[in-house]
Amino acid sequence: MIAKKTLKLSLKSLRDFAKKQLPDEVLIDLDRRDECPVEIVHQMFNPDQLAIQLLFLPEEYGGMGGGAFDVYCICEEMARIDLGIATAAFATFLGSDPITVGATPEQKKIWLSKIANEGTLFAYGATEPDAGSDLGALKTTAERVEKDGKVVGYKLTGNKQWISNGGIADAYTVLANAPGGPSWFIVDKGAPGFTHDKPEEKHGIRLSNTAALALDNVYVDADRLIGGVEGQGLLQAQAVFGYTRVMVAAFGLGAGWAALDRAIPYSTKRIQAGAPLSEKQGYTHKLIIPHVTHLEAARAYIEETSERIDAGNEGSLNTEGAIAKYMASEAGNAAAEAAIQAFGGYGYTHDYFVEKIKRDVRITIIYEGTSEIMEMTISRDRWQQHLKSRGQYYHDEARKFESLHVKNPNVGADVSALALHALAEVMEKARVGRLTRYQHILLRLGELIAYAECAGSLSRRAALAGDGKLHEKAVQRFDATAQATIARVFAREAALKVAEEGLRWVAGAGGVSSAEISAFEAALNLPAIHRAQAGLISDMDYIADVLYNRVAKRVAMSA
Ligand SMILES: Cc1cc2nc3c(=O)[nH]c(=O)nc-3n(C[C@H](O)[C@H](O)[C@H](O)COP(=O)(O)OP(=O)(O)OC[C@H]3O[C@@H](n4cnc5c(N)ncnc54)[C@H](O)[C@@H]3O)c2cc1C
């Protein structure tokens, strides 16, 4: 992990670099021309210039040894600038991941030092035309080349699809089926038989180079097999999902906030019906506030997960990474969509930028695992916890928030507890009725789990903020009072969603008869969840006042 001061300096360098090299006009022009600014990407990796890669690399190989929390902060900042450029950095990080996780010490020294010292740009070649979400279906092969009975190299043959940096990378990590199973290989740019297609013409992240790769009997020496043992590829890919999904989560967060940070000031200047839009509750409470609460709920979860990854004793935290990615990318996408609406007709044009952000952020709910795959990942894991604990997993979690509420009565912990108890009841009904045989129910449970866990996370962090105990690098855009208000608003939504949608899916799948509905409603504690909605509008008003710097005015008026 790097020092707080160093992180601050790195964030500032990144902002200064973007201000100089990537002002809005340049970004809009490159987007319009559908062009990846290769020169700027190289400058970002140049050890004598920005050298962004150093943050991601371990110190022993010349990097700065940034942890998950540092990487989240940097990724959020990069996404605020441009998600296409951020994706170029992400691709190098992903490309070097199998090396960081699974390479031999010699391979690590060679390749990670090269990235640090020479700014080598990597691409990560996993996806294939017929193997996307289901990577196990990959068809690219790695045929052994033997000499005197010894494996001296491999010949790779196959096709890769949608590879970020595919046309501009210096080196590629390529997943291929060796005789011993899926394995990662490092392939140089320009190796005989190795070609890439022209850049894809994409909906968004148009500053990112995305290209298909073709490998036709591409020879690599045996020392290019990462880790030196065949069959480790899928394990190596999975070992870092917690971490890499937190990065994409931070992309969703950064892009979502970038959109809101354009809509909020715009709404103070745009006068309609005699007053600025920022003073119209029907505008702020629909187009701004819900997105603030969703983004901050996702941030709470990202920060907790990053802290846990950095603490290093809980494995790869794949499910938590999935929840963070799911919530942040969906929140970022929705925030950008609302920002277009907030700008009205102007939002629908290229020049007002939120339109570009919306197209860009859309990728975060697709790459590094689609939202549907995230729902499945989340649901499957927590379903096991539910079974193992005989239905007590979320009841136990809820009880922790009941205790938190006693100490911190203003952070919505009581309502988060209602959400978690209701979730436990929904999952139990699903177990009794064997409802997860319906894939749709399984995936909807994933969504409800993500909401309930994020509500808890946000309450917990609002309490820490109130006690002055947040992580020293935590992003504190809001003071403790505002954080508590945001936590209450989100907890109300999560509890209502879990209970009402849970009821809907359980009843819809035949898990509860009409005679049993009332008892199930009582078990979900729907009346308490409905009562907890009281105070919602005044809390939303307060968040609006904070966002629009009207808190002092509000205090003066009430005095
Ligand atoms: C711009 C861009 C950059 C990318 N960069 C890279 C990169 O650098 N390296 C790399 O290896 N890959 C990269 N990808 C690939 C990306 O990770 C995949 O596109 C993604 O994982 C989805 O795979 P797919 O496109 O094959 O879609 P599919 O897997 O075919 O999915 C199509 C739809 O079906 C849903 N679906 C899939 N399986 C199931 C299921 N079992 N149950 C229910 N629903 C399901 C999905 O959620 C999705 O909505 C990139 C993609 C894009 C578009």
Side-chain angles (χ1 to χ4, degrees), residues 31 34 36 41 79 82-98 121-140 158-176 182 184-185 187 196-215 233-234 236-238 240-241 244-245 247-248 251-252 255 321-322 325-326 329-330 333 359-380 436-447:
D31 175 74
D34 199 11
C36 168
V41 172
D82 178 85
L83 253 179
I85 304 266
T87 297
F90 180 56
T92 287
F93 185 88
L94 273 185
S96 61
D97 257 354
L121 212 58
F122 257 84
Y124 177 83
T127 306
E128 299 191 355
D130 297 320
S133 301
D134 177 17
L135 266 188
L138 90 161
K139 291 194 185 127
T140 300
N159 293 287
K160 294 289 170 184
Q161 187 75 13
W162 317 123
I163 306 305
S164 304
N165 290 351
I168 62 169
D170 305 303
Y172 297 72
T173 35
V174 171
L175 187 64
W184 288 100
F185 296 88
V187 182
H196 62 78
D197 233 328
K198 63 176 175 37
E200 301 288 350
E201 197 182 330
K202 303 190 295 295
H203 173 64
I205 57 166
R206 287 159 73 88
L207 276 73
S208 158
N209 174 286
T210 315
L213 310 176
L215 300 110
L234 294 180
Q236 287 163 353
Q238 274 167 14
V240 287
F241 270 156
T244 55
R245 287 179 177 159
M247 293 174 82
V248 180
F251 283 178
K325 180 192 184 271
Y326 177 66
S329 60
E330 291 286 347
N333 191 45
R359 282 186 287 106
D360 288 352
V361 71
R362 188 68 178 74
I363 191 60
T364 62
I365 62 176
I366 296 177
Y367 68 11
E368 200 51 16
T370 64
S371 278
E372 294 70 38
I373 298 300
M374 295 303 96
E375 288 168 350
M376 200 187 311
T377 305
I378 296 162
S379 194
R380 277 184 176 158
T436 52
R437 67 185 188 277
Y438 300 111
Q439 198 205 24
H440 187 53
I441 301 292
L442 184 72
L443 269 60
R444 298 304 7 105
L445 283 178
E447 182 185 17

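Just so it is clear, the values below take in all heavy atoms, side chains as well, and ignore hydrogens, waters and symmetry mates. Bear in mind that the values here come from a model prediction, so they are computed numbers and not experimental data. Atoms within a ligand are numbered from 1 in the order they appear, just like the ligands themselves.
- The neighbour count for Arg380 CZ, taken as heavy atoms of other residues, nucleotides or ligands under 6.0 Å away, does not exceed 12.
- Between Tyr367 and Phe90, the ring-plane angle classifies as tilted under the 30° and 60° cut-offs.
- Using modelled atom types, one side-chain atom of Ser379 and one backbone atom of Leu442 make a donor-acceptor pair closer than 3.5 Å.
- With 3.5 Å as the limit, one finds a donor-acceptor pair spanning the side chains of Glu368 and Thr244.
- Looking only at distances, no side-chain donor or acceptor of Ser164 sits under 3.5 Å from a matching main-chain atom of Ala88.
- Sorted by chain then number, the residues whose non-hydrogen atoms approach ligand 1 to under 4.0 Å are Tyr124, Ala126, Thr127, Gly132, Ser133, Trp162, Ile163, Ser164, Lys202, Ile205, Thr210, Ile363, Ile366, Tyr367, Glu368, Thr370, Glu372, Ile373, Met376, Gln439.
- Interatomic distance, Ser371 OG to Met376 CE, rounded to the nearest 0.5 Å: 12.0 Å.
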